There are 2 protein chains.
Amino acid sequence: MNIKIEKEMDVISNPKKGSEEIIISKIRELIVSKQLEPGDKLPAERILAEKLGVSRNQLRQAIQRLEFYGLVKKYPQSGTRVSNIGVTALNGMMTDILQLQEPDFKSLVETRLILETNAVRLAATRRSDEHLRQIQAAHEAYSEKAINGLNAVEEDLMFHLKLSEASGNSVINSLMLVITPEIITRFVANKVCNKDENHLLIKEHQSIIDAIIDKDPDRAVAKLEEHFKDLYKFCYD
Amino acid sequence: MNIKIEKEMDVISNPKKGSEEIIISKIRELIVSKQLEPGDKLPAERILAEKLGVSRNQLRQAIQRLEFYGLVKKYPQSGTRVSNIGVTALNGMMTDILQLQEPDFKSLVETRLILETNAVRLAATRRSDEHLRQIQAAHEAYSEKAINGLNAVEEDLMFHLKLSEASGNSVINSLMLVITPEIITRFVANKVCNKDENHLLIKEHQSIIDAIIDKDPDRAVAKLEEHFKDLYKFCYD
DNA sequence: TGATTTTAACTGGTTGACCAATCTGGTTAA
DNA sequence: TTAACCAGATTGGTCAACCAGTTAAAATCA
């Protein structure tokens with residue numbers, strides 16, 4: 001459809017994102033100065049925007065971010081409420097949000113290891129037959145490409161996502177979804193593929209599946225860690 | 001400032017959120033039908049909106065969600081690109097996103113246990129002096145209220161967030177921030193407070209801190225699990 | 001007086017027009 | 001031939017006016 005981009009584009013560090021953070025910071029000040037209390041309704045968007053000296057759109061975007069973190073909840077046609085979790089908590093969490101940094105790759109991988117290890121442990125005890133079926137299907141899609149020495153990073157990814165789905169924990173699954181694309185895009189570039197290594201990886205996948213079929217959490221985790229030994233090396237050497 | 005809400009408002013299951021998901025679904029179809037390929041620039045918002053038969057705002061909101069999951073990246077005044085992670089991955093992840101359900105409380109707590117356990121393990125080896133100072137400060141703020149039998153749920157929360165900050169893993173910290181408010185709001189209602197129990201909790205906090213000071217990961221985790229024994233019971237009985 | 005209906009103001013959401021940055025292709029000058 | 005440049009078209013971002021649902025005070029009636 002269009003020309004493919006070859007090299008990673010320079011990551012622009014959102015120079016205008018700053019206004020959003022300034023607004024959050026101002027809302028935090030309203031809270032600590034008791035002009036706004038937990039459980040209160042926020043002033044109407046138009047009014048608050050004028051009070052803070054920003055446009056309504058900018059304010060809405062900031063509120064959207066606060067809502068994502070659960071610090072505020074919108075009620076359409078009615079108002080927006082500050083979560084009733086106390087001044088200390090609100091102040092602390094807003095401060096933390098403002099300090100959030102771009103995730104470094106090592107943290108991403110480390111977190112994936114943690115989440116997926118626990119997901120697999122849970123999957124080994126909770127998996128339904130439908131989960132198993134989907135895992136198997138994903139594994140077959142992977143094998144088909146990998147066995148021919150093709151790059152199967154995507155199919156590998158899908159296999160692992162199906163594992164975390166089988167954990168039966170919707171939050172873990174959701175968090176995996178958030179961090180996976182970032183990991184993939186950084187991995188896909190450097191990925192080398194040779195048939196021999198792929199055969200080994202297929203075997204490792206199958207070992208994990210077998211452990212889940214047998215409902216053996218410890219073995220499933222052990223096999224996963226074996227499968228991830230390179231990632232562990234990347235994180236901890 | 002305003003009247004406090006006493007009882008939980010009925011959770012409205014976002015009846016209009018549907019349009020967003022329909023749009024994502026349509027974009028996914030464009031991708032699987034090869035009309036749109038990984039790495040491509042999306043058609044301009046106005047054009048795509050018309051093509052999909054939706055308003056530009058609705059489309060923008062859907063794109064924003066895709067961007068959150070890293071499946072798309074916007075370049076201001078230039079265009080929006082589909083992440084270059086393959087058709088299979090894009091299709092699979094969009095399907096997963098559309099299937100995401102509201103998190104159940106048990107999954108939230110279970111995930112918190114997993115994240116925080118690992119955060120503390122990391123904190124025990126990586127913590128800086130500044131981290132320690134902040135943890136201590138948060139603990140003192142907690143103690144001061146708890147020792148008088150006051151409700152100190154917020155201060156407790158802040159203490160635990162400082163623990164995960166000390167992990168040195170920005171992703172874990174960020175994920176903890178996302179799930180914590182939801183947990184708090186559901187916990188804060190049922191929380192009972194008595195001095196004796198609070199004294200015990202203070203001691204438990206101090207044990208965790210001591211282990212982190214000593215850079216003893218295993219002890220830190222053990223003390224945390226002891227501290228969380230009620231939560232474990234909640235999850236697994 | 002009290003319950004019920006009406007109504008007007010107020011809310012977040014939506015819309016279409018406008019803005020400034022950027023990309024594109026052809027043109028010009030070295 | 002090549003590099004610099006300029007103008008117009010295209011982009012996502014922004015804004016102010018408008019919409020539909022909600023709310024609560026005011027008006028009405030039994």
Side-chain angles (χ1 to χ4, degrees), chain A residues 1-7 9-24 27 36 39-68 70-83, chain B residues 1-24 27 30 36 39-68 70-83:
Chain A
M1 174 167 261
N2 274 333
I3 317 111
K4 299 290 159 50
I5 42 174
E6 297 297 337
K7 58 178 179 354
M9 278 191 179
D10 285 347
V11 175
I12 306 148
S13 54
N14 279 329
K16 78 116 206 80
K17 195 69 143 294
S19 71
E20 200 178 299
E21 291 166 10
I22 291 173
I23 294 173
I24 292 179
I27 293 177
L36 201 56
D40 273 353
K41 228 166 58 174
L42 274 180
E45 293 183 352
R46 296 163 182 77
I47 296 171
L48 185 56
E50 190 179 6
K51 186 171 180 180
L52 299 183
V54 299
S55 83
R56 196 182 155 201
N57 268 29
Q58 294 173 316
L59 174 65
R60 284 187 113 241
Q61 211 161 326
I63 288 178
Q64 190 169 12
R65 184 146 157 214
L66 290 179
E67 190 183 25
F68 168 72
L71 300 182
V72 128
K73 180 147 181 58
K74 292 201 222 189
Y75 296 91
Q77 275 72 42
S78 168
T80 303
R81 286 192 178 281
V82 179
S83 291
Chain B
M1 175 168 258
N2 273 333
I3 318 110
K4 299 289 161 46
I5 42 173
E6 296 297 336
K7 57 181 181 350
E8 182 88 345
M9 278 190 177
D10 285 348
V11 175
I12 305 149
S13 53
N14 279 329
K16 76 112 210 82
K17 194 69 145 292
S19 70
E20 199 179 300
E21 291 166 9
I22 292 173
I23 295 173
I24 292 179
I27 293 178
L30 287 183
L36 201 55
D40 273 355
K41 227 166 60 172
L42 274 180
E45 292 184 352
R46 296 163 182 78
I47 296 170
L48 185 56
E50 191 178 4
K51 185 171 179 179
L52 300 182
V54 299
S55 82
R56 194 182 158 202
N57 264 35
Q58 294 172 317
L59 175 65
R60 286 188 110 239
Q61 212 161 324
I63 288 178
Q64 190 169 15
R65 184 145 155 215
L66 290 178
E67 190 182 26
F68 168 73
L71 301 183
V72 127
K73 181 147 180 59
K74 293 202 224 189
Y75 296 91
Q77 275 71 43
S78 167
T80 303
R81 286 192 179 280
V82 180
S83 290

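Note: hydrogens, waters and symmetry copies are ignored here, and every other heavy atom, side chains too, is used. Fair warning: this is a prediction, and the values are worked out from it, not measured in the lab.
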Distance check needed: [N] [atom2] versus [X] [atom1], whole Å only.
X       : N      : atom1 : atom2 : value
B:Leu59 : D:dG12 : CG    : C1'   : 11 Å
A:Glu67 : C:dG13 : CD    : P     : 8 Å
A:Arg60 : C:dG12 : CZ    : P     : 8 Å
A:Gln64 : D:dG13 : CD    : C1'   : 14 Å
A:Gln58 : D:dA16 : CD    : P     : 11 Å
B:Arg81 : D:dG12 : CZ    : P     : 11 Å
A:Lys74 : D:dA20 : NZ    : P     : 20 Å
A:Leu48 : C:dC10 : CG    : P     : 17 Å

### Task
For the pair B:Thr80 (side chain) and B:Leu42 (backbone), establish whether a donor and an acceptor sit closer than 3.5 Å, ignoring hydrogens and angles.
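Not a single qualifying donor-acceptor pair exists.
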Starting the side chain at C-beta, find the nucleotide from [options] nearest to [X].
X       : options                : answer
A:Ile47 : D:dT11, C:dT11, C:dG13 : C:dT11
A:Ser78 : D:dT23, D:dG12, D:dA17 : D:dT23
B:Ser55 : C:dT15, D:dG13, D:dC18 : C:dT15

### Task
For residues A:Arg60 and A:Arg56, determine if any side-chain heavy atom of one lies less than 4.5 Å from a side-chain heavy atom of the other.
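Side chain of A:Arg60 against side chain of A:Arg56, heavy atoms only: contact under 4.5 Å found.
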### Task
With B:Ile23 as reference, evaluate B:Leu48, B:Leu66, B:Leu52 under the side chain to side chain contact (heavy atoms under 4.5 Å, CB included) test and give the passing residue.
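Answer after filtering B:Leu48, B:Leu66, B:Leu52: B:Leu52.
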### Query
B:Asn57 or B:Arg46: which one's nearest nucleotide on DNA chain C is closer to the 5' end?
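By nearest-heavy-atom nucleotide position, the 5'-most residue is B:Asn57.
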### Query
So, does the side chain of A:Gln77 form a donor-acceptor pair with the base of D:dG21 at under 3.5 Å?
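A donor-acceptor contact between them is absent.
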Give a yes/no answer on whether the side chain of [X] brings an N or O atom under 4.0 Å of OP1 or OP2 in [N].
X       : N      : value
B:Lys41 : D:dT11 : no
B:Arg56 : C:dG16 : no
A:Thr80 : C:dT11 : no

### Task
Give a yes or no on whether A:Glu50 atom CD has more than 12 heavy-atom contacts from other residues, nucleotides or ligands under 6.0 Å away.
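No, not enclosed.
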### Query
CD of B:Glu20 to CG of B:Leu59: how many Å apart, nearest 0.5 Å?
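Answer for the CD-CG pair, B:Glu20 versus B:Leu59, is 10.5 Å.
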